[in-house]
Amino acid sequence: SYLDLSFNRLEYLPRDIFGINKYTALETLSLNNNQLKEFALYDILPSIVYLNVSQSQIASVTNLLANSSDAFDQIKRVDFSTNAIKELSN
């Protein structure tokens with residue numbers, strides 16, 4: 001399934017917006033062209049295949065190592081292009 005939240009002027013995502021068992025079949029998540037300042041990878045669901053958070057204002061991507069490698073097995077494409085990323089951290 002596909003969820004497109006692009007062009008909504010989103011400034012942040014609550015940590016539990018994609019909580020466990022909420023969207024277990026979600027494969028494509030588009031958050032591009034928003035006003036997100038940071039993006040934490042705990043927000044990614046294990047079923048995600050394609051993630052687009054391009055053309056936002058992201059300066060920080062966090063929680064990189066907290067996810068097990070199993071959480072990233074399904075991901076085929078991640079797009080963080082056209083952001084101002086200055087920090088990658090766990």
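Keep in mind that what you see is a predicted model, and the values were worked out from it rather than measured.
- Note on Phe80 and Tyr50: separate hydrophobic clusters, where clusters join Ile, Leu, Val, Met, Phe, Trp and Tyr whose side-chain heavy atoms are under 4.5 Å apart, directly or indirectly.
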Report the C-alpha separation of Ile75 and Leu51 in whole Å, then their side-chain angles, then the decisive distance to 0.1 Å, and conclude whether the side chain to side chain contact (heavy atoms under 4.5 Å, CB included) test is met. CA-CA 8 Å; Ile75 294 178; Leu51 173 67; 5.8 Å; no
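- Under the 3.5 Å distance criterion, the side-chain polar atoms of Asp79 are matched with a main-chain donor or acceptor of Ser81.
- Test Lys37, Gln35, Glu11, Glu38 against Gln57 for side-chain hydrogen bond (donor to acceptor under 3.5 Å, both in side chains) and you get one pass: Lys37.
- Of the residues listed (Ile58, Leu13, Asn52), the one engaging Leu31 in a side-chain contact (heavy atoms from CB on, under 4.5 Å) is Leu13, and it is the only one.
- A search for side chain to side chain contact (heavy atoms under 4.5 Å, CB included) contacts involving Glu27 returns Val49, not counting sequence neighbours.
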Just list the side-chain donor-acceptor pairs under 3.5 Å for residues 2-10, sequence neighbours left out, or say none.
{"unit_1": "Tyr2", "atom_1": "OH", "unit_2": "Ser30", "atom_2": "OG", "d": "3.4"}
{"unit_1": "Asp4", "atom_1": "OD1", "unit_2": "Ser6", "atom_2": "N", "d": "2.9"}
{"unit_1": "Asp4", "atom_1": "OD1", "unit_2": "Ser6", "atom_2": "OG", "d": "2.6"}
{"unit_1": "Ser6", "atom_1": "OG", "unit_2": "Asn32", "atom_2": "OD1", "d": "2.4"}
{"unit_1": "Asn8", "atom_1": "ND2", "unit_2": "Leu5", "atom_2": "O", "d": "2.9"}
{"unit_1": "Asn8", "atom_1": "ND2", "unit_2": "Ser6", "atom_2": "O", "d": "3.0"}

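- When atom types are taken as modelled, the side chain of Ser56 and the backbone of Leu36 share no donor-acceptor pair closer than 3.5 angstrom.
- Judged by distance alone, with hydrogens and angles left aside, the side-chain atoms of Asn83 form a donor-acceptor pair with the main-chain N or O of Val53 at under 3.5 Å.
- Annotation: the span from Lys76 atom NZ to Thr28 atom OG1 amounts to 11.5 Å, rounded to 0.5 Å.
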